[in-house]
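These notes concern the structure reproduced below.
Because only heavy atoms are used, hydrogens play no part in the values below, and waters and symmetry mates are left out as well, while side chains stay in. In this text, all values refer to a predicted model and were calculated from it rather than measured experimentally.
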Amino acid sequence: MTMYHFLGLNGVIIIRTLVIRWQKKKHFTRCVRFKGRQCEQARNAAKAGTVQSHLTTNLHRIIYMSLKSLPKNSNVAVLGAGILGLTFTYFLSKLRPDLNIEIFEKSNRPGGWMYLPHLHVTKTGESILLEKGPRTLRGIKNGSLFMIDILRDLNIQDQVEVIHKSSNANRKYITDAQGEIVQVPNSLATTIDFFKHVQCVDGKLIKGLIKEPFVKPLAHDETVEQFFKRRFGSTALTDNVASAIMHGVYAGDIGKLSMKSVMPFLKDVETQSGSIVKHILRSIVKKSAKKNGLELLTELQLYEKLISPGANFFALQDDLKAFPMIKLKDGMETFPKHLAKYLVNNTNTNIHYGTPVRQCDPKLGEVNGQSFDHVRSTINSHSLAQALPQENPLVPDLKSVEYVSIFLTNLYTKKPVLLPKNKPGFGFLRPRHQNIDRNPQALLGTIYDSDIENNVQGLFTGEKATPNECNKITIMMGGHYYNCWNIPSNKLNLKIVRDVLQEKLKVDLSKYNIKVIDEGQELEVDSIEPNDIVISYSLHKDCIPQYNLGYQELKARALDVLEKNNYKLSFGGTVFAEGLGVPDCVSNSFTDAVKLM
């Protein structure tokens, strides 16, 4: 789940608008920092169709000083064959086909957390998809567009499915303080019902909105909760709404997450405009203003010039405007599996499965005793720290990054009994509600997989899904709660899953036979009868890094060490790179590959 899949509340819609404006500005400043005569040259180059030379030359010289271009026929090591290691390898091999790339992967398959096992039913021969990791993408982010273009290059673009913004599957929910599921507003009726049940506005917040334009900006970092309380004088919104969003994105605690790390756009708005309210009002006034012509020189155009001249992202963006969510027909793992095969068969790439990184020297460019001109790490920061020389200055900061674990449970039934009646949608998130003790189940949220699957259509084929009665959901628990408490036993967590089914989803378990497939067991059952509920669970240990207060300092120190020591290392995972979401990380893979070309 991502924050964007749970937007809908009017105030949060405004935040989304600010995100988009900030991202455009971010990409603009990152990709086009020309001044004076250079600015005019860039503009003329765009008109003349010679953007490539100006972008590549000037970007290398002005922005990309931290990574050096690699000599001809260089050797590159990539740590991890997940989506981030594979996309970086794809982009780099396109830009520099002369390079030799070795990927080190500790498991026996590509994809990392993108994992899609099949539940096999012996009697019927059915094979049921059970997503164990990310399953949807936000529609028009650059990284999502890059992934679609790669799928076209792999000739499996028919895998791309989308969900229309008016679809039932695009409805989102959160739970109120009593644990009841409430729809995030998308109409007047749902807005009235939302404010009736969710206590996100109180007297302090109303007073705070009036006083907010006069609150002075704060330069240093703070938690998300501190930021909203300082600017608006209330925690009602963070306790009952924003904390749910943080659960969906980071599985993190809004009272610990760094504002500059997880919502930097609002911190930028505060610094530049002095007030969130003032900025929103100005944004509404300027909504119809013409865009700066230089904004055409974006990351997307750079990609088209360097990687895929026929990508036509403007047309693709237009096609996706009505579709806020993207998924793949056979599951997200389809992408890394096909990409890994492509890289091995069509580029100078070798993938070493079952090969953990046991030794890495960033100064010498060594990995497991082999020498490389550059090393790209996409693995867990703790694993990288263990592989480095223990006296290396990166080790303390790599070890200091906090991770959280997720207890993920897939449930499947033949009958439509798992989803709440008359509440179809993407799923629901559970807010923190003042403090972590208000959520003893450590419930983060639930995804309605079958509603998503029943409401998709092919982006390129137009083919619509054939709805069926089966119910499939995913319940997620843990996250920051597990870092405060001990991780419960599997037996206790399965009891909590049953409680969630009965209390939140109103399933009368006395009517059903529960078949549990324990973690590590073969995903197989003899049969699935109409009154069966099949449960498969897994503990995703240390799967999501926490960008808590202090993370920005950790990141700055680590990048400074790379720069000062002239290390042959770059970070491309979810730590010390550009973010947590898959599209953001894929974008980072592309921009860093350009730096090395």
Side-chain angles (χ1 to χ4, degrees), residues 1-2 5 81-87 90 105 107-121 124-139 143-164 167 169 316 319-320 323 325-345 351 353 408 410-412 426-427 447-474 517 522-525 528 534 536 538 582-583 586:
M1 284 191 278
T2 69
H5 293 154
I83 184 68
L84 309 182
L86 293 175
T87 52
Y90 174 85
E105 170 55 47
S107 72
N108 294 315
R109 62 170 188 84
W113 294 113
M114 284 187 176
Y115 181 43
L116 182 68
H118 287 64
L119 171 62
H120 298 284
V121 185
T124 62
E126 291 173 275
S127 183
I128 300 163
L129 303 179
L130 298 179
E131 290 272 17
K132 295 286 185 180
R135 61 207 66 197
T136 57
L137 303 170
R138 183 186 171 223
S144 300
L145 299 177
F146 294 163
M147 291 176 70
I148 291 175
D149 189 65
I150 294 173
L151 289 166
R152 289 189 294 203
D153 191 30
L154 302 180
N155 200 30
I156 53 171
Q157 65 270 23
D158 288 355
Q159 282 284 326
V160 183
E161 296 180 325
V162 290
I163 298 171
H164 196 273
S167 166
L316 185 56
D319 291 340
L320 289 170
F323 303 103
M325 279 190 286
I326 300 170
K327 69 178 290 293
L328 299 186
K329 185 176 182 180
D330 295 324
M332 290 302 294
E333 191 185 16
T334 304
F335 184 91
K337 286 175 72 173
H338 281 80
L339 182 54
K341 289 180 182 178
Y342 170 89
L343 292 171
V344 171
N345 294 330
I351 303 179
Y353 293 112
L408 186 144
N410 301 99
L411 300 97
Y412 178 84
F426 183 82
I447 300 175
Y448 303 165
D449 296 294
S450 49
D451 271 358
I452 296 169
E453 293 171 4
N454 285 337
N455 285 276
V456 297
Q457 65 184 73
L459 176 63
F460 299 107
T461 65
E463 182 181 351
K464 293 188 177 181
T466 303
N468 61 70
E469 279 196 327
C470 300
N471 270 186
K472 188 193 298 184
I473 65 173
T474 303
I517 303 172
E522 192 80 19
L523 273 178
E524 187 173 18
V525 291
I528 302 178
V534 180
S536 168
S538 54
V582 172
V586 170

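- Atom OH of Tyr115 and atom OG of Ser107 lie 10.0 Å apart (nearest 0.5 Å).
- Lys327 and Glu161 are joined by a salt bridge, as a carboxylate oxygen and a charged side-chain nitrogen come within less than 4.0 angstrom of each other.
- Residues Asn410 and Lys132 bring a donor and an acceptor atom of their side chains to less than 3.5 Å of each other.
- Atom OH of Tyr412 sits about 9.5 Å away from atom CG of Leu130, to the nearest 0.5 Å.
- Residues Asp153 and Tyr342 have side chains in contact (heavy-atom distance under 4.5 Å, counting atoms from C-beta outward).
- In terms of heavy-atom proximity, Gly143 sits nearest to Val586 at O-CG1, 3.9 Å.
- The side-chain heavy atoms of Ile326 and Ile148, taken from C-beta on, include a pair separated by under 4.5 Å.
- When all heavy atoms of Asn455 and Ala169 are compared, the pair lying nearest together is CB-CB, 3.7 Å.
- For the pair Phe426 and Asp451, the minimum side-chain heavy-atom distance is 4.5 Å or more.
- Looking only at side-chain heavy atoms (C-beta outward), Leu316 and Leu459 come within less than 4.5 Å of each other.
- For the atom pair CE of Met114 and CZ of Arg109, the computed distance is 11.0 Å after rounding to the nearest 0.5 Å.
- Between His118 and Leu129 the shortest heavy-atom distance is NE2-CD2, 2.6 Å.
- Counting only heavy atoms from C-beta outward, the side chains of Tyr353 and Pro110 approach each other to under 4.5 Å.
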Under the criterion side chain to side chain contact (heavy atoms under 4.5 Å, CB included), I'd like the reasoning laid out for Ser536 against Leu523: C-alpha separation, chi angles, the key distance, then a yes or no. CA-CA 8 Å; Ser536 168; Leu523 273 178; 3.4 Å; yes

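- A side-chain hydrogen bond (donor to acceptor under 3.5 Å, both in side chains) check over residues 456-470, counting only residues at least two apart or in different chains, returns nothing.
- With Thr334 contributing its side chain and Asp330 its backbone, the two residues share a donor-acceptor pair below 3.5 Å.
- If you take CG on Leu145 and CD1 on Ile150, they are separated by 11.0 Å, rounding to the nearest 0.5 Å.
- Here the shortest heavy-atom pairing between Val160 and Leu328 reads CA-CD2, 4.1 Å.
- Residues Lys472 and Ile128 have side chains in contact (heavy-atom distance under 4.5 Å, counting atoms from C-beta outward).
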Walk me through whether Ile452 and Met325 qualify under side chain to side chain contact (heavy atoms under 4.5 Å, CB included). CA-CA 10 Å; Ile452 296 169; Met325 279 190 286; 5.5 Å; no

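- Remark: the backbone N or O of Met332 is paired with a side-chain donor or acceptor of Glu131 at under 3.5 angstrom.
- Taking all atoms of both residues into account, the shortest heavy-atom contact from Phe335 to Met147 is CE1-O, 3.5 Å.
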Could you walk me through whether Tyr90 and Leu339 pass side chain to side chain contact (heavy atoms under 4.5 Å, CB included), step by step? CA-CA 8 Å; Tyr90 174 85; Leu339 182 54; 3.7 Å; yes

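- Residues Leu116 and Lys337 form no side-chain contact, since every pair of their non-hydrogen atoms from C-beta on lies 4.5 Å or further apart.
- In this structure, the side chains of Asp319 and Val162 stay at 4.5 Å or more apart for every pair of heavy atoms.
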